[in-house]
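Before any comments, here is the structure.
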Amino acid sequence: MDTVPAKTIVTRTKSPGAWFGIDYNMNLYRGCCHGCIYCDSRSACYGIEDFDRVRVKQGCLEIVRDELRRKVKTGVVGTGAMSDPYNPFEREHRYTRHALELLSAFGFGAAIATKSDLITRDIDILGEIRSQMPVLCKLTVTTADDALAARVEPHAPPPSARFRAMERLSAAGLFTGVLLMPVLPYLEDSRENVLEIVRRAHGAGARFIYPAFGMTCRERQREYYYGRLDEHFPGLRDKYVRRYGARYVCTSPRARELWAAFTEACAAYGILFDMKTIIRASRQGYAERQLTLF
Ligand code: SF4
């Protein structure tokens, strides 16, 4: 696999703790080959050329080890924001797995966002981390329909595999849930789709679902997305252009209705959907344990 040079990898977030309790971000890979047609990370503002080609950051594990060792404060390290940490190359190369081992060794927590069931390979390490710090496993699901996913997320494992992974992670006692985002206007924003995701997430033992009923659209991301719409969903581009123009946030016209149905279903199943409540639940037990130690 090709490499790219890197100086720092584990960086403090702009608002520590605000997003799923994450204090630090960590991206070992550059680029992603899952091919999601809506991917925000291919936007021009991030400057990642040849985005679909996965490269690993040179010496990433040594850099991560040195950075963790030097941190004055431990915290939860998030991964999966700019590329999927469980891309197909990870099966052989195991950079994510080894980075998780480092998090465990240095007493950090982990919050992982992925579309791949390969995350279940690392249940053992995640269990070790969980014994000392919070672990959040976030499986992204935008549609419950494998056939539609094959067109909008062509190279990622299908949603059915993600639900099975969720089941295994939950059964292992890991705090697991769904990132229900984006929800693509006119493609995925039906009440049936949203409720089916909630139903299957519940069946898989999900503790939380965090939604965004719409998508973002920026330079380069928009051109790529519209190109794929023309290929797979002829005519849909015009609807987007008419409704959203050059807007960054493209909220589903049904967002209000979807939110009402979604929250009602989550409440009925006891699934958390509010960020503060999710963070509180993910940390349950840890503060007390530290107090006991002192
Ligand atoms: S998995 Fe995430 S980073 Fe990879 S292409 Fe899809 S949206 Fe982009």
Side-chain angles (χ1 to χ4, degrees), residues 1-2 4 6 9 19-20 22 25-57 60 78-91 93 95-96 99 110-122 136-146 148-163 165-166 177-185 187-188 197 209-229 231-232 248-250:
M1 182 192 294
D2 288 342
V4 284
I9 293 180
W19 179 253
F20 289 100
I22 295 172
N25 278 324
M26 175 178 79
N27 286 298
L28 307 172
Y29 292 103
R30 191 167 170 85
C32 183
C33 60
H34 280 164
C36 308
I37 65 171
Y38 50 75
C39 180
D40 168 80
S41 303
R42 70 171 73 248
S43 304
C45 58
Y46 300 118
I48 305 177
E49 292 309 320
D50 204 2
F51 179 79
D52 299 279
R53 192 164 58 89
V54 178
R55 288 136 289 174
V56 67
K57 295 185 180 169
C60 61
T79 189
M82 291 297 295
S83 67
D84 199 312
Y86 288 103
N87 61 60
F89 304 98
E90 168 62 20
R91 194 176 291 281
H93 292 283
Y95 291 111
T96 298
I112 301 172
T114 183
K115 288 193 177 91
S116 175
D117 51 343
L118 184 55
I119 186 176
T120 56
R121 179 199 65 189
D122 294 341
L136 298 95
C137 303
K138 298 174 282 173
L139 275 297
T140 303
V141 181
T142 71
T143 170
D145 178 356
D146 282 2
L148 179 59
R151 287 190 285 171
V152 297
E153 299 155 351
H155 309 304
S160 52
R162 296 176 221 166
F163 283 117
M166 228 177 280
V178 175
L179 277 182
L180 175 48
M181 60 175 66
V183 174
L184 304 175
L187 277 176
E188 299 178 330
I197 292 174
I209 305 177
Y210 195 74
F213 298 116
M215 67 179 294
T216 60
C217 247
R218 290 195 269 214
E219 197 192 329
R220 202 193 287 165
Q221 175 194 13
R222 180 181 294 109
E223 291 72 45
Y224 187 87
Y225 183 61
Y226 283 1
R228 303 290 87 71
L229 288 187
E231 238 173 76
H232 298 294
Y248 167 50
V249 178
C250 307

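In listed order, ligands and their atoms are each counted from 1.
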Looking only at protein heavy atoms, which one is nearest to atom 4 (Fe) of ligand 1, and what is the separation?
Cys32 SG, 2.3 Å

In sequence, state the C-alpha distance, the side-chain angles, and the governing distance for Asp117 and Tyr86, and then conclude on side chain to side chain donor-acceptor pair (under 3.5 Å).
CA-CA 8 Å; Asp117 51 343; Tyr86 288 103; over 6 Å; no

Return the minimal non-hydrogen interatomic distance between Thr96 and Tyr29, and the atom names on each side.
OG1-CE1, 3.7 Å

Can you see whether Tyr224 has Arg228 sitting over its ring - NZ or CZ less than 6.0 Å from the centre and within 45° of the normal?
yes

With heavy-atom distances below 4.0 Å as the criterion, list the atoms of ligand 1 near Ser83.
3 (S)

Quick one: look up the protein heavy atom nearest atom 6 (Fe) of ligand 1 and list residue, atom name and how far away it is.
Cys36 SG, 2.3 Å

His232 NE2 to Leu148 CG distance, which is reported to the nearest 0.5 Å
10.5 Å

Do you see an N/O/S atom of His34, backbone or side chain, under 2.8 Å from atom 6 (Fe) of ligand 1?
no

Does a salt bridge link Arg42 with Glu223, judged by any charged N lying under 4.0 Å from a carboxylate O?
no

Is the closest heavy atom of Ala156 to ligand 1 under 4.0 Å?
no

Please list the nearest protein heavy atom to atom 7 (S) of ligand 1 with its residue and the distance rounded to 0.1 Å.
Lys115 NZ, 3.4 Å

Nearest protein heavy-atom contact for atom 8 (Fe) of ligand 1: which residue, which atom, what distance?
Cys39 SG, 2.3 Å

Using the ring centroid of each side chain, check whether Phe20 and Tyr210 are separated by less than 6.0 Å.
yes

